[in-house]
Amino acid sequence: MSQEKRSLFLRESSGLVREVSPWASMSATFGLVTGGVPILIISWLFTAPGANWVLAFLLALPPTLGMAFLFYIAGVSMPRAGGDYVFNSRAVHPVVGFVNYWGLFIGFALSLGYYSYLAAQWFAYLFSGIGLAYSNQYFLNIGNFLGTTEAEVILGTIVVIISTALAMIPRFQWKFVLWGGIISLLSSIIMFVALAQISPSQFALALSKNVGIPNAYSEVIQDAESKGLTFYPTLYASFLALPVIWYYYTWYNLPASWSGEMKRPKMNVLYSIILAILIISAYYILIVYFSEKAFGASFLTSWSYISYNGINDTVYNTLSNIGDFIPYFAFIVNHSLPLFIIMFIALWLPNFYSNPPLVVALVRYLFAWSFDRVMPSWLADVNDRFKSPLKATILVGILGEIGVLLYAFNTPVAIVDTTVVFEIGYAIFAISTALMPFVRKDLYKRAVQHKWNIAGIPVISIIGFAVFGFLMWVLALTWNNPVLLPVNFVTILSLGIIYGAGVLIYVTGYLLNRRNGIDLNLLFNEVPPE
């Protein structure tokens, strides 16, 4: 890069250190993608009643792998801070890349608050479960307190503070993430073995005994069906499940955001995106298979329907303190407190240990925008002692706390756009990548790794167009879904604000830089320095 081209960027080097191992990065991906999702899967079973969820996860895997391949290309071609954003902003037009990643950034920032809040909420399930199982009022009182909004805000805030502090010390943080992944893997294996020992008939007997209601199991199903739950044909319901499954698979782009700090980025990105998705797919399939095998698909779907719609069901009301927390269902069958705690760890820990990498990813996007001169320069300041952007990290921590408060006190605003923002964000990345060989030929030839062709057409274009088509179909299924995306004034307004703010920020940055004699069009023809 010539001196003239170097001067376009904020400085000649990022100042970040390459110290992220492939295994730590892959562990981070597992936590980021799966953290909080197993309980969400149970909570949303009613969105596709009658689905074969194993089949549905398999149906969603090929387009997911196609999308993962595109992010892999981005990560190995431009291993920089915010590498996937850097690639997207150079693929077609910088405003497309920036506005798209601004939307994703908002989705991730809100999710930081949500998953911190959720990590706190699960402690209420843990203590309430112990109290219900042993009829212990002391533990019930603890569970009831932890289930209050005030307690969950306090614990959620603590999680945000811990996550932010860890993200400030990259070397320690990545060791924490690696060991978090190892413990999650071992506890998950124990959980699967425990679930495999349970049958719906055993659970039905245990449930009736636990709540003191004869035929409690069948009563849950009957109450849900009497209040409107309808089971669809299996194949139709399995396709109906694809929008939520697509969301369950997302977040695997985030390793590309810290690709500039990876050791051996070509292998690291392969492990942390492609291999990680295959492992995660197997994990999800095992979760739904063993959960349905243990407790019955009809019961779990009915339970989720009753829970979401607030239906007055005697059985659910008796156990409302544990919600959709399936470790409790196993607990009342096997009566093993150690297993209950291990299952809690298996589900809770990925949700917790993935928060620091999420903070890192959000910081790296701010860092990349600063390097591209769209955002203030101080967001890319790297502390010499910690080798991390402390100012940007503190800002992300503040955004995470705002997310906690939004989920606690204004939940509809906090969750209304999350699913569709990820569908739109990934779709724009896919179509941008597909078009890059045609609209940015020189940069494609210079920068992109693995320029394979089939019948003269670039492979990334074939995959990009195919994934884009799939996501447009999934978006159509999502649009106006009363659970995933209710289309109303709040929805349209919030989407308009998110993407409108992105356009405004980019245009402001463009005009300010032009006044200072810097042409952003020239800058976005180049890849930022390492």
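Predicted model only: the values in this text are computed from it and were never measured.
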Would you call the rings of [X] and [Y] parallel, tilted or perpendicular, taking 30° and 60° as the class edges?
X: Tyr232; Y: Tyr236; answer: perpendicular
X: Tyr247; Y: Trp44; answer: tilted
X: Trp473; Y: Phe470; answer: tilted
X: Tyr217; Y: Phe299; answer: parallel
X: Tyr365; Y: Phe108; answer: parallel

With ring centroids as reference points, do [X] and [Y] lie under 6.0 angstrom apart?
X: Trp102; Y: Tyr499; answer: no
X: Phe30; Y: Tyr283; answer: yes
X: Phe438; Y: Tyr444; answer: no

Would you check if [X] and [Y] make a side-chain contact, meaning some heavy-atom pair closer than 4.5 Å?
X: Tyr115; Y: Ser354; result: no
X: Phe340; Y: Leu126; result: yes
X: Val244; Y: Ile41; result: no
X: Tyr101; Y: Asp84; result: yes
X: His450; Y: Ile73; result: yes
X: Ile460; Y: Pro437; result: yes
X: Leu65; Y: Ile277; result: yes
X: Glu219; Y: Thr314; result: yes

Check against side-chain contact (heavy atoms from CB on, under 4.5 Å), Val220 and Asp313: CA-CA 7 Å; Val220 168; Asp313 173 81; 3.9 Å; yes
task: Show your working on side-chain contact (heavy atoms from CB on, under 4.5 Å) between Glu423 and Met472 and close with a plain yes or no.
output: CA-CA 8 Å; Glu423 289 172 357; Met472 289 298 97; over 6 Å; no
Candidates Tyr125, Phe331, Trp122, Phe123 - the one meeting ring-ring contact (aromatic ring centres under 6.0 Å, His included) with Phe344: Phe123
Atom [atom1] in [X], atom [atom2] in [Y]: separation rounded to 0.5 Å?
X: Ile245; Y: Leu61; atom1: CD1; atom2: CG; result: 10.5 Å
X: Ile287; Y: Ile326; atom1: CD1; atom2: CD1; result: 5.5 Å
X: Leu347; Y: Ile342; atom1: CG; atom2: CD1; result: 12.0 Å
X: Phe295; Y: Ser199; atom1: CZ; atom2: OG; result: 10.5 Å
X: Glu152; Y: Tyr117; atom1: CD; atom2: OH; result: 4.0 Å
X: Ile431; Y: Phe468; atom1: CD1; atom2: CZ; result: 5.0 Å

What heavy-atom pair brings [X] and [Y] nearest, and what distance separates the two atoms?
X: Pro79; Y: Ser259; answer: CA-OG, 3.2 Å
X: Ser302; Y: Ile221; answer: OG-CA, 3.5 Å
X: Phe329; Y: Ile322; answer: CE2-CD1, 4.1 Å
X: Ser184; Y: Gly180; answer: OG-O, 2.8 Å
X: Arg440; Y: Ala91; answer: CG-O, 3.0 Å
X: Ile345; Y: Pro350; answer: O-CD, 3.9 Å

Within the side chain of [X], is there an N or O that forms a donor-acceptor pair under 3.5 Å with the backbone of [Y]?
X: Ser432; Y: Asn88; answer: no
X: Lys293; Y: Ala196; answer: yes
X: Ser461; Y: Ile457; answer: no
X: Ser238; Y: Thr234; answer: yes
X: Tyr249; Y: Phe57; answer: yes
X: Ser291; Y: Val288; answer: no
X: Thr433; Y: Leu70; answer: no
X: Asn215; Y: Ser218; answer: no
X: Ser257; Y: Arg364; answer: no
X: Ser111; Y: Tyr114; answer: no

query: Given the rule in the ring-ring contact (aromatic ring centres under 6.0 Å, His included) test, do Tyr305 and Tyr316 qualify, once you have shown the distances and angles that lead to the verdict?
result: CA-CA 11 Å; Tyr305 184 81; Tyr316 183 84; over 10 Å; no
- prompt: Are more than 12 heavy atoms from other residues, nucleotides or ligands located less than 6.0 Å from atom CZ of Phe231?
  reply: yes
- request: Give a yes or no on whether Lys451 atom NZ has more than 12 heavy-atom contacts from other residues, nucleotides or ligands under 6.0 Å away.
  value: yes
Between [X] and [Y]: side-chain donor-acceptor atoms closer than 3.5 Å:
X: Ser116; Y: Asn355; result: yes
X: Tyr271; Y: Thr29; result: no
X: Asp324; Y: Ser43; result: yes
X: Ser25; Y: Asn268; result: yes
X: Asn321; Y: Tyr328; result: no

message: Working note: Tyr426 + Asn253, criterion side-chain hydrogen bond (donor to acceptor under 3.5 Å, both in side chains); need CA distance, chi angles, decisive distance, verdict.
response: CA-CA 9 Å; Tyr426 280 38; Asn253 63 296; 2.6 Å; yes
- prompt: Should Met67 and Tyr252 be marked as a side-chain contact (heavy atoms from CB on, under 4.5 Å) after you check the CA-CA gap, both sets of side-chain angles, and the distance that decides it?
  reply: CA-CA 9 Å; Met67 192 76 232; Tyr252 51 85; 3.1 Å; yes
message: Before you tell me yes or no, could you show the steps for Trp251 and Phe422 under side-chain contact (heavy atoms from CB on, under 4.5 Å), namely the whole-Å CA-CA distance, both residues' side-chain angles and the distance that decides it to 0.1 Å?
response: CA-CA 9 Å; Trp251 293 40; Phe422 283 109; 3.4 Å; yes
Sequence-distant partners of Asn351, side-chain hydrogen bond (donor to acceptor under 3.5 Å, both in side chains), two or more places apart: none
